[in-house]
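As structure tokens, the structure follows; a few thoughts come after it.
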2 protein chains.
Amino acid sequence: MSARPEGTPRRLPKGERTRTRILDSATELFSRSGFNAVSLRDIAAHAGLTHAGVLHHFPGKESLLIEVLDRRDRADAHAVFPGITHPGTPEPGPGVRLRMLVELVARNSGTPGLVALYTKLSAEATDPGHPAHHYFRERYRILREEVAVLVEALRAEADPPVDVDPAVAARQLLALMDGLQTQWLLEPEAVDMEVLVCDFLLRLGLDPEGGARGGGLSA
Amino acid sequence: MSARPEGTPRRLPKGERTRTRILDSATELFSRSGFNAVSLRDIAAHAGLTHAGVLHHFPGKESLLIEVLDRRDRADAHAVFPGITHPGTPEPGPGVRLRMLVELVARNSGTPGLVALYTKLSAEATDPGHPAHHYFRERYRILREEVAVLVEALRAEADPPVDVDPAVAARQLLALMDGLQTQWLLEPEAVDMEVLVCDFLLRLGLDPEGGARGGGLSA
DNA sequence: GTCTATATCGCGATAGAC
DNA sequence: GTCTATCGCGATATAGAC
């Protein structure tokens with residue numbers, strides 16, 4: 001609405017640029033050394049200001065972490081569910097999307113640091129007063145909805161019809177993925193998240209390799 | 001080995017008694033106000049010493065939390081798997097034990113504070129340097145083993161034989177329970193952990209109401 | 001007004017005196 | 001075994017620079 005005064009040649013407001021600079025610094029330091037090992041003063045120094053300056057742009061250290069993870073989350077969500085970030089985008093077929101979801105699980109195995117941050121934060125955010133509480137409620141709501149739609153689509157086109165409640169399966173699948181991440185972080189070598197998730201999907205009667213089938217463990 | 005010197009009439013060493021006193025205070029305060037909201041100085045004051053005195057008995061605040069949860073954990077484990085705490089104890093039948101496991105899930109719904117502490121700690125403990133790391137690795141190892149044995153026993157006595165890998169099912173069941181706790185803490189009114197766990201068990205071909213059966217969602 | 005720095009607080013944790 | 005310093009931390013309020 002308000003017309004911009006004459007003397008502001010920069011394309012981005014200055015505050016927005018330092019905000020991004022802080023976020024970039026936080027992303028790099030958190031990914032390298034974890035959350036607890038990095039102080040606000042470290043991040044501030046890396047971004048070229050004092051720790052109080054950082055706290056002017058972000059209400060606290062946790063909020064900084066939330067925004068770092070949110071950026072990664074948006075990228076992942078866009079890969080599997082284009083409908084979330086770009087509502088009009090035509091989505092690939094349900095079979096392909098299920099395959100992408102499983103691949104996301106496998107891909108997470110490559111970034112244990114970020115998976116650990118996410119797992120820790122989702123647990124802390126169960127506190128209603130936590131700065132990330134609303135964010136995670138929304139995140140689960142959206143993911144649950146998308147996965148339920150996906151399951152319903154696969155259920156409908158199953159040759160021998162499968163007996164699955166999409167809402168129930170969505171909650172179970174998300175819970176399974178979260179719980180497996182904890183076990184995998186504790187024993188990375190002993191847990192193959194992709195195999196365990198696929199086994200569950202097959203048991204639902206959904207084939208993560210292509211379409212849908214009857215049910216059971218293997219062929 | 002070392003013989004006790006003459007002047008020690010108390011039945012418990014003094015240090016052991018203050019240790020227990022500190023643990024009791026921590027249990028009460030953590031359960032009432034949560035982990036972050038309670039300081040070491042609060043606990044120390046409640047137990048009648050200074051915060052440095054507490055840190056003489058426990059290496060840190062997290063370790064204090066670990067021991068608090070460990071005491072509750074032992075009680076729960078003894079209820080469902082008597083074999084853990086009392087190796088010689090004859091266990092009830094597998095059907096009964098599965099039912100007890102499901103009841104434990106339902107019972108947890110009554111203590112959201114402790115469930116939240118446990119969820120948060122298990123996430124933090126994925127860090128190999130965390131004081132609770134070893135504890136949680138051991139905990140999952142034992143639980144996985146016990147659940148796998150339980151599944152195997154149920155599988156063997158199933159009338160129409162069920163196609164289940166006990167080790168796979170154990171990991172999945174524990175992951176599901178953990179993940180559902182997070183979702184339940186976020187939306188207590190929207191998640192019925194017992195129903196979702198039972199549905200999964202039925203899908204494995206295990207009947208949490210009594211024996212074992214073919215599989216599927218409902219009767 | 002927008003942004004950054006200084007000052008202060010209680011916190012968890014450590015070292016050393018008693 | 002307990003206490004008295006002391007440290008750096010996250011967080012807040014407030015004052016100063018652009």
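Within every chain, numbering begins at 1; the chains are lettered A, B, ... in the order of the sequence lines, protein sequences first and strands thereafter. Small disclaimer: the values here were computed from a predicted structure and weren't measured.
- Classification of the Tyr118(B)-Tyr135(B) ring pair by plane angle, with boundaries at 30° and 60°, yields tilted.
- Residues that satisfy the salt bridge (Lys or Arg N to Asp or Glu O under 4.0 Å) test with Arg71(A), not counting sequence neighbours, are Asp24(A).
- In this structure, Arg141(A) places its CZ atom where more than 12 heavy-atom neighbours from other residues, nucleotides or ligands lie under 6.0 Å away.
- Remark: Arg21(B) does not engage Glu16(B) in a salt bridge, criterion side-chain N to carboxylate O under 4.0 Å.
- Taking a cutoff of 4.0 Å between a charged side-chain nitrogen and a carboxylate oxygen, Glu67(B) and Lys61(B) do not qualify as a salt bridge.
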Heavy-atom contacts, protein to nucleotides 2-18 of chain C, under 4.0 Å, summarised as B (base), S (sugar-phosphate only) or - (none) per nt, yield -BBBB----BBBB----
